[in-house]
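Encoded as structure tokens, the structure appears first; notes follow it.
So you know, we letter chains A, B, ... as the sequences are listed, proteins then strands, and number each from 1. Worth saying up front: this structure is predicted, and the values here are computed from it rather than measured. Atom set for the values below is all heavy atoms of this structure, side chains included, hydrogens, waters and symmetry mates excluded.
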Amino acid sequence: MKTGRIDVSELPGGLDLQATLESGQSYLWRRADGRMYDSDEQSGGDAWYETVVRLDGDRVRLDTGDPTVVRVRQRDGALEWESTTDADWVVRSLLRLEDDLPAIRAATPDDSLLERAYDRYWGMRLVRDPPFGTLISFICSAQMRVSRIHDMQLALAEAFGDTVTADGRTYQVFPTPDRLAAATESELRDLGLGYRAPYVQRTAEMVAAGDAHPDEARGRSYEDAREHLTQFVGVGEKVADCVLLFSLDFLEAVPLDTWIRTTIEEYYPDCERDSYAETSRAIRKRLGGEYAGYAQTYVFHHLRNES
DNA sequence: TAGATACCTTATAG
DNA sequence: ACTATAAGGTATC
């Protein structure tokens, strides 16, 4: 495997790799020691994380291109990586290392909750995951615990994904749209997906048939893009926001999940409205607009770890 | 068009 | 041990 190092001190705002990958944004990375989401926050300070992406020219996609293993760990002031290809740009893209965290924080309002969250997890970045895997994993996220969502993606990869070998180790690749489209509802239920099984199968079928692709939300205005993604089965406004934020570069997206709704009740009651769309507008404005999704992610991780 | 309800499965609380 | 409850919601009526 090829290797490389990225000096963390050169990244604007640094990096907290563990917070980035264990904050419930991405379900497509795995911790090599298998201890993802162990409650002990210190235990994974320099753990290796690994994923497999498909590279298509200069873009990271999950449904086309050759499977590429990417491993990263943060140690001694550096982000170390290993990969089956020359992956410096891939790592920078997947972990959004170009984001200027101080500038993003400066664009959010002075607010004691946000200050606490940003201070505690400073260096946490949003991820830029492949669209199809993000779409499927967040369809699976409905009424699920974070650790179980993660386990479900692993189960999908083991049951329907290709394998790739590097340095004598075998890695499971997230399934392609074809393979998931060919799965039966009962096969998916056997993996524990429950009522999400037909959603996953039918959405995969839409993508495999070429009827739609989550990438097509790019280039639209934020609210149009969110509406566009709800055409997929099992995708409502909340899941659409997750795909926009964690995959498609819409940093203003604020997924209104149970945590954020509770937060709004408690800290921003004036932002409560009677519809998702209106509440979304109000809270996005309150969290600073353009980078509201960053604020949301820090607050989500902060509050989730307190209880 | 808004509002209530069913839905799979599992971990955790009581 | 056993039951109730909730988990990063959505589709359907």
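Residue A/Ile136 is grouped with residue A/Ile149 when hydrophobic side chains (ILVMFWY) are merged at heavy-atom distances under 4.5 angstrom, including chains of intermediate members.
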Close N/O contacts between protein and nucleotides 7-11 of chain B (under 3.5 Å):
unit_1: B/dC8; atom_1: OP1; unit_2: A/Arg189; atom_2: NH2; d: 3.3
unit_1: B/dC8; atom_1: O5'; unit_2: A/Arg189; atom_2: NH1; d: 2.9
unit_1: B/dC8; atom_1: O5'; unit_2: A/Arg189; atom_2: NH2; d: 3.3
unit_1: B/dC8; atom_1: O4'; unit_2: A/Tyr195; atom_2: N; d: 3.1
unit_1: B/dC8; atom_1: O2; unit_2: A/Arg196; atom_2: NH1; d: 2.7
unit_1: B/dC8; atom_1: N3; unit_2: A/Arg196; atom_2: NH2; d: 3.4
unit_1: B/dT9; atom_1: O2; unit_2: A/Arg148; atom_2: NH1; d: 3.1
unit_1: B/dT10; atom_1: O4'; unit_2: A/Arg148; atom_2: NH1; d: 3.1

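None of A/Glu82, A/Glu50, A/Glu80 except one satisfies the side chain to side chain donor-acceptor pair (under 3.5 Å) rule with A/Arg73; the exception is A/Glu80.
Remark: the backbone N or O of A/Ser93 is paired with a side-chain donor or acceptor of A/Arg128 at under 3.5 angstrom.
Taking the ring axis of A/Trp122 as reference, the NZ or CZ atom of A/Arg105 stays within 45° of it and closer than 6.0 Å to the ring centre.
With rounding to whole Å, A/Arg304 atom CZ is found 11 Å from C/dA7 atom C1'. For the pair A/Ile139 CD1 and C/dA11 C1', the computed distance is 13 Å after rounding to whole Å. Put simply, CD on A/Glu237 is 13 Å from C1' on C/dA11, counting in whole angstrom units. A/Ile264 has its CD1 atom 17 Å from the P atom of C/dG8, to the nearest Å. Rounded to whole angstrom, the span from the CZ atom of A/Phe300 across to the C1' atom of C/dG9 amounts to 13 Å. Rounded to whole angstrom, the span from the CG atom of A/Asp241 across to the P atom of C/dT10 amounts to 9 Å. For the pair A/Leu135 CG and C/dG9 P, the interatomic distance rounds to 16 Å; values are reported in whole Å. Atom C1' of nucleotide C/dG8 and atom CD of A/Gln25 are separated by 12 Å, given to the nearest angstrom.
The P atoms of B/dC8 and C/dC13 are separated by 14 Å, rounded to the nearest whole Å. Look at the P atom in both B/dT5 and C/dT5: the space between them is 16 Å, to the nearest Å. For the C1' atom pair drawn from B/dA4 and C/dG8, the interatomic distance equals 22 Å after rounding to whole Å.
Below 30°, between 30° and 60°, or above 60°: for A/Tyr222 and A/Phe250 the angle between ring planes is between 30° and 60°, a tilted geometry.
In terms of heavy atoms, A/Pro175 sits closest to A/Leu180 at CB-CG, 3.7 Å.
Among the heavy atoms of the strands, none lies under 4.0 Å from A/Ser137. Heavy atoms of A/Gly24 sit under 4.0 angstrom from at least one base atom. Nucleic acid contact for A/Phe138: none, since no nucleic acid atom lies under 4.0 Å from a heavy atom of the residue.
Both distances falling under 3.5 Å, in either a Watson-Crick or a G-U wobble arrangement, place B/dT9 opposite C/dA7.
Contact annotation: side chain of A/Tyr27 to base of C/dG8, donor-acceptor pair present below 3.5 Å.
Projected onto DNA chain C by closest heavy-atom contact, A/Thr230 and A/Leu256 fall at different nucleotides, the more 5' of which corresponds to A/Leu256.
Checking A/Arg226 against A/Ser280 by side-chain atom types alone, a donor-acceptor pair falls below 3.5 Å.
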